[in-house]
Structure formats: C-alpha cells, structure tokens
> 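The structure under discussion is supplied below as structure tokens; questions concerning it will follow.
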Protein chains: 2
Amino acid sequence: MDPLTSNPIILKLEQFARFSAEDKQVLNLAAAEGVRQIGPRGDIMREGDRPQTLNLILSGWACRYKHLEDGRRQIISFCLPGDVCDSHLFLVRQMDHSVGSLTPVTFAQIPRRRIEEIAAKYPRIIQALWWDSLVNAAIQREWIVSLGQRDAMERMAHLLCEIFIRLRAVGLTDGHACDLPLTQAGLADAMGLSVVHVNRTLQELRSTKLIALKGRTLTIPDLRALQDAAQFNPNYLHLDGDGRHLDANE
Amino acid sequence: MDPLTSNPIILKLEQFARFSAEDKQVLNLAAAEGVRQIGPRGDIMREGDRPQTLNLILSGWACRYKHLEDGRRQIISFCLPGDVCDSHLFLVRQMDHSVGSLTPVTFAQIPRRRIEEIAAKYPRIIQALWWDSLVNAAIQREWIVSLGQRDAMERMAHLLCEIFIRLRAVGLTDGHACDLPLTQAGLADAMGLSVVHVNRTLQELRSTKLIALKGRTLTIPDLRALQDAAQFNPNYLHLDGDGRHLDANE
DNA sequence: CGGTAAGTTGACTCCCGTCAACGGTTGTGG
DNA sequence: CCACAACCGTTGACGGGAGTCAACTTACCG
C-alpha cells in the first residue's frame with residue numbers, strides 16, 4: 001500500500017487540512033523515525049512524567065486514564081491508530097494523567113526538536129495537530145454528557161458509535177464491522193459502570209439487534225438505528241471537512 | 001486599581017507566561033474594545049453558531065452546556081472571570097455546544113482579525129491562550145473522572161475545591177470564602193445529579209463542617225480537609241507556574 | 001491439560017432519582 | 001403596603017438503575 005495514504009495519522013489529519021505531497025512526506029518521515037512497540041497493558045506515559053517526545057499511535061489501541069488512590073480507575077479517552085497520545089505539544093510539562101496500551105501498540109516517538117523543526121517549516125501540519133487536539137476536547141465534552149446524563153444503554157451505544165466512526169475515518173472498518181479489542185472491564189472503566197452491568201448492557205444491545213459482538217469483532221448492522229438509540233450526533237467529531245479551510249494553497 | 005494587574009484574563013494567563021508590560025497593554029486594549037453585557041440565563045453562543053469573535057469573561061459566571069433532545073442538560077464546564085469561552089481560536093468553525101450566562105456577565109468580544117494581528121506580533125500571548133485551552137482540557141478530564149468514579153459527596157467536594165482554587169487564581173476569593181452564584185439546579189446539571197440529591201449532599205457537607213454555604217457565599221474553613229474528602233489533587237490545574245517557561249525574555 | 005483471564009448469571013443491596021408537598025425569599029404591581 | 005407569583009431550597013416516601021458478591025462457564029495459551 002502507498003505509505004503516503006496508508007499512514008493513519010495522515011488519513012486522520014487530512015480530515016482537518018489539505019496537505020501537499022511534501023507535507024505528507026514530512027509526516028511520514030517523522031512517523032517512521034523512532035518507531036516503538038509495546039505489549040498490552042503497558043504504560044506509554046505515566047502521570048508525573050515530563051515527556052520529551054510526541055507519541056503517535058500507528059497500530060493498536062491505547063487509552064488515557066487516571067487512578068484514584070483507592071484503586072478506582074477511569075479511562076478518559078481511547079487512543080486509536082492515527083491519534084496523538086499527548087496533544088500538549090510540549091506546552092504542558094508534567095503529565096496529569098497516564099497513557100497505557102490496551103493491545104500491543106506500535107507508536108512513533110517524535111522528539112521535541114523534530115516537532116519544533118516541523119513547526120518552523122510546515123505550519124499547516126502543526127495547525128492540523130492543534131485541530132486534532134480541539135477535536136479531542138470535543139470528544140471529552142461528549143463523554144461528560146454521556147457520564148452525566150445518559151443511562152447505561154445510551155452510554156454504551158454512544159461509545160460504540162463514536163469508536164466505529166473514528167475507526168472508519170482512518171480506514172479501519174470493514175463494512176459494518178470493526179475490531180473492538182476491549183475487555184468488558186475496559187469498557188466498564190471507560191463508562192463508569194461495573195463489569196457486571198456492562199455485560200448486561202451489551203446483552204441488551206445484542207438482543208435488540210443493535211449490535212453483534214463476537215470475540216473482538218463488533219458489527220453494527222444499522223448504524224443509524226444505533227445512533228438513534230444513543231441520541232448520537234456526529235457533529236462533535238468534526239469529520240465533515242469543517243477544517244479543510246486549512247488549505248495547502250493558502 | 002491598576003488595570004494592568006486587575007484584569008482577570010491577565011491574572012490568569014500570568015500563571016502560564018511571563019508577560020512584558022507591552023503584552024499586558026495589548027491584552028488590556030483588546031479586552032476593553034468590544035465590551036458587552038448580558039443578563040443571567042442568556043446565551044453567549046449557541047450550538048451551530050460560527051463565531052467570528054473570541055469571547056472573554058470579565059465578570060460574572062457562564063457555562064458551556066449541551067442539551068439532549070429530550071430536555072436533559074449537562075453543564076460541561078464553568079467559565080469564570082478571566083476565562084475564554086471558546087478556546088477554538090477560530091480553528092473550529094461550528095460550535096458543537098452552547099455557552100450560557102449563569103449570572104449577569106460582562107465579556108469582551110475580540111474580533112477574529114484582532115486576534116490574528118495579536119498572533120502575528122505577540123506570539124507569547126497566543127501561546128498563553130493555547131496553554132489555557134490545554135488546562136481547560138485537563139479540567140474536562142478531571143470532570144470525567146468525577147462523573148465516572150466519584151460518588152455524590154466526593155464529586156461535590158471536588159467541584160467546590162476546583163471552583164475555589166480557580167477563583168483564587170484570579171483574586172476572587174476573600175480569605176476562606178468566595179462567591180458561589182449557582183443554584184442547586186445548576187450544580188445538579190453540572191454533576192449529573194438530581195436537584196434533590198444535590199441538596200442532601202450539600203447538607204451532608206455542611207453537617208460535617210467541610211463547607212459553609214449561606215446564600216451565595218461559600219466558605220471552606222479547611223481547604224485541605226475538603227481536598228482530602230474529594231481526593232482532590234490540584235496538579236491538573238497547572239497553576240504552579242508549570243508554564244512560566246514561556247518567558248517574556250526568550 | 002492445567003491455569004488464568006474473560007465472560008455470564010443470579011441474588012441481594014444501596015445510592016440516587018422521582019414525585020410531591022411545603023417553606024422561604026425576592027420582586028413586582030395593584 | 002400588601003398580595004401574589006415565581007423561583008429556590010428543603011423534606012419525606014417510594015422506586016429503580018446500577019453496584020456488589022459470589023459462583024460458574026467459556027475461551028485461550030503454553
């Protein structure tokens with residue numbers, strides 16, 4: 001496959017900006033530089049770290065999370081292929097949360113200096129990264145709405161819509177199906193539910209044919225129906241080319 | 001009072017950058033330009049709007065919020081004096097949430113063009129604004145933790161700690177007390193609780209002497225004790241000068 | 001084939017929501 | 001100056017969604 005179009009970070013950022021061939025080349029080179037691997041349930045960054053690199057997921061799933069002192073854990077967001085783990089872009093020095101892998105993860109570590117060089121020569125790339133961080137903020141807002149207002153069914157349906165659509169944006173869906181490498185415990189930590197209740201909620205979604213979930217494969221036979229069940233409005237993902245005014249020819 | 005130090009936006013951004021006298025002057029002029037007033041329960045921006053200005057709270061409280069179709073409402077964050085209502089900085093074009101006033105609000109509307117001029121000549125100011133948006137993202141993350149993991153007591157205690165410390169950063173506390181112009185319904189919408197339960201939770205916090213709340217005045221006799229009850233760790237507010245490396249003399 | 005992690009189920013409990021009524025305060029207009 | 005309305009806070013009774021505990025099954029893996 002053509003690396004210029006298959007790299008998930010490019011696929012995603014192209015939702016937000018029109019890149020020139022050179023832009024893509026630069027992104028590809030940066031992402032190919034310090035590629036790392038990590039197994040499942042590892043930490044890519046820990047609360048308190050002062051990161052000197054920008055970490056970019058190439059394959060696999062990770063998540064941001066926070067622990068409370070008594071062991072409770074909340075997953076704050078999922079980092080899918082093409083996502084930047086830390087959108088602070090070096091402004092914030094100390095991590096206030098951790099980033100851990102949920103599956104084996106391949107990621108690129110781009111050193112601070114490299115980012116600064118890119119920022120100087122390719123401002124459109126940096127702008128696209130800022131865009132991405134704003135979309136992440138919008139996703140966080142929607143999670144707040146889910147956790148605050150939606151019941152377990154709606155919340156689960158909403159999350160599955162979000163994941164499916166985000167994966168689709170980077171070419172990781174297959175028709176009505178996608179990979180869902182999350183345990184029910186992972187879903188529980190993300191949605192503020194108990195494992196038992198996640199299990200029951202999934203079964204209800206299955207029994208109403210809104211989803212099929214076998215092993216790691218999630219199938220959504222009728223995305224519109226699932227969206228309706230969740231009161232899901234995809235606006236907040238800003239995947240509609242809202243940012244394409246960051247034009248390569250400006 | 002000296003306007004160079006009394007403007008809440010300057011007080012706040014100075015947590016994140018060392019401004020020169022000229023920086024402050026520029027900020028003050030920009031904030032003095034298009035000052036507007038709005039009564040309580042009004043909308044400063046609505047979901048779907050394509051804002052052409054940056055709105056900066058000078059006095060009063062506002063909030064971001066989202067409505068679900070069936071009338072449920074979630075407050076996503078509180079905008080206090082010194083806060084920027086929309087940290088998109090014109091990258092995102094369409095609002096995916098609304099911003100409404102909770103009290104009478106005075107705010108400055110800074111036109112897009114003005115921001116672009118400032119960005120060209122005073123990059124440190126824009127960097128401080130980006131920094132602020134990252135802190136806002138950190139606050140959102142902490143709300144997710146609260147809504148997902150903390151029970152009503154902890155959640156309420158945590159929110160009151162956050163508000164008090166944020167107000168203190170812009171000089172709006174008076175010893176152990178601060179203004180809290182929120183109705184219990186407002187608190188309920190922010191914390192995903194019912195009004196009735198908010199009422200009971202507040203009473204429990206009062207009966208354990210962790211807070212005193214009379215009318216619109218919140219008193220926290222022992223902030224440390226309240227923080228402990230909430231498992232509140234102020235790191236995430238990044239008010240410790242973590243960003244002061246954005247130095248005026250760089 | 002044992003061992004461990006993940007998924008499933010039932011019984012019971014509890015935090016928090018809902019409903020409904022009442023009291024206090026403010027402000028406004030007759 | 002009082003009456004009334006509107007809003008906010010408070011309280012009690014009751015119900016339900018989700019948590020907890022515990023046991024069991026299934027799947028996976030060396």
Side-chain angles (χ1 to χ4, degrees), chain A residues 39-42 61 68 70-75 100-104 146-160 179-207 211-218 229-230, chain B residues 39-42 61 68 70-75 100-104 146-159 179-207 211-218 229:
Chain A
R41 267 162 288 171
W61 286 36
L68 299 190
D70 53 17
R72 284 175 284 179
R73 180 173 97 130
Q74 176 67 37
I75 290 179
S101 59
L102 296 162
T103 67
S146 273
L147 289 167
Q149 301 299 327
R150 293 192 243 262
D151 65 25
M153 267 275 298
E154 300 170 313
R155 215 183 287 179
M156 181 74 76
H158 200 281
L159 178 66
L160 296 179
D179 197 31
L180 189 78
L182 288 174
T183 65
Q184 295 186 353
L187 285 169
D189 284 347
M191 321 199 13
L193 297 171
S194 67
V195 183
V196 172
H197 206 67
V198 164
N199 184 290
R200 291 182 175 129
T201 306
L202 285 175
Q203 287 180 48
E204 194 176 343
L205 284 170
R206 276 192 280 236
S207 73
I211 67 167
L213 187 53
K214 223 175 278 178
R216 301 180 135 210
T217 300
L218 167 69
Chain B
R41 268 164 287 172
W61 287 36
L68 299 189
D70 53 17
R72 284 176 283 179
R73 181 174 96 131
Q74 176 68 37
I75 291 179
S101 60
L102 295 163
T103 66
S146 273
L147 289 166
Q149 300 299 326
R150 294 191 242 261
D151 66 25
M153 266 276 296
E154 298 170 315
R155 215 183 286 179
M156 182 73 76
H158 199 282
L159 178 67
D179 198 30
L180 189 79
L182 289 175
T183 65
Q184 295 185 353
L187 286 168
D189 283 347
M191 320 198 14
L193 297 170
S194 67
V195 183
V196 174
H197 206 68
V198 165
N199 184 289
R200 290 184 174 126
T201 306
L202 286 174
Q203 287 182 49
E204 194 177 343
L205 283 170
R206 276 192 279 235
S207 74
I211 67 166
L213 185 54
K214 224 175 279 179
R216 303 181 131 209
T217 301
L218 167 69

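Per chain, numbering begins at 1; letters A, B, ... match sequence-line order.
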> What integer distance in Å separates B:L187:CG from D:dT10:C1'?
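Roughly 15 Å, once rounded to whole Å.
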> Tell me, for nucleotides 12-30 of chain D in 5' to 3' order, what letter each nucleotide earns: B for a base near a protein heavy atom under 4.0 Å, S for only sugar-phosphate near one, - for neither?
BB----BSBB---------
> Give the rounded distance in Å between these two atoms: CG of B:D189 and P of D:dC8.
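Interatomic distance, CG of B:D189 to P of D:dC8: 12 Å.
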> Please check: side-chain N/O of B:S101 versus main-chain N/O of B:P104, any donor-acceptor pairing under 3.5 Å?
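Not confirmed, B:S101 side chain does not pair with B:P104 backbone.
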> Rounded to whole Å, how long is the line connecting atom CZ of B:R72 with atom C1' of C:dT18?
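Whole-Å distance recorded here is 15 Å.
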> Roughly, in whole Å, what's the span from CZ in A:R216 to C1' in C:dA5?
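About 13 Å, once rounded to whole Å.
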> Take atom CG of B:L182 and atom C1' of D:dG9, then tell me their distance rounded to the nearest Å.
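These atoms are roughly 14 Å apart.
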> Are the side chain of B:T217 and the backbone N or O of B:D179 linked by a donor-acceptor pair below 3.5 Å?
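No: the side chain of B:T217 does not pair with the backbone of B:D179.
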> Side chains of A:L180 and A:L160: closer than 4.5 Å at any heavy-atom pair?
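Answer yes - side chains close enough.
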> Whole Å only: how far is the CD atom of B:E204 from the C1' atom of C:dC15?
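That distance rounds to 12 Å.
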> When you check the phosphate oxygens OP1 and OP2 of C:dG7, does a side-chain N or O of A:Q203 lie under 4.0 Å from one of them?
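No, A:Q203 has no side-chain N/O under 4.0 Å of OP1/OP2 on C:dG7.
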> In whole angstrom, what separates A:N199's CG from C:dA6's P?
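From A:N199 CG to C:dA6 P: 14 Å.
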> Which donor-acceptor pairs under 3.5 Å do side chains of residues 196-203 of chain B form with protein atoms, sequence neighbours excluded?
from: B:N199; atom 1: OD1; to: B:Q203; atom 2: NE2; distance (Å): 2.3
from: B:N199; atom 1: ND2; to: B:Q184; atom 2: OE1; distance (Å): 3.1
from: B:T201; atom 1: OG1; to: B:H197; atom 2: O; distance (Å): 2.7

> Do A:R73 and A:L68 touch side chain to side chain, with heavy atoms closer than 4.5 Å?
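No, their side chains stay 4.5 Å or more apart.
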> Under a 4.5 Å cut-off applied to non-hydrogen side-chain atoms, are A:I211 and A:R206 in contact?
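Sidechains of A:R206 and A:I211: in contact.
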> In whole angstrom, what separates B:K214's NZ from D:dC8's C1'?
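Going from B:K214 (NZ) to D:dC8 (C1'), I get 18 Å.
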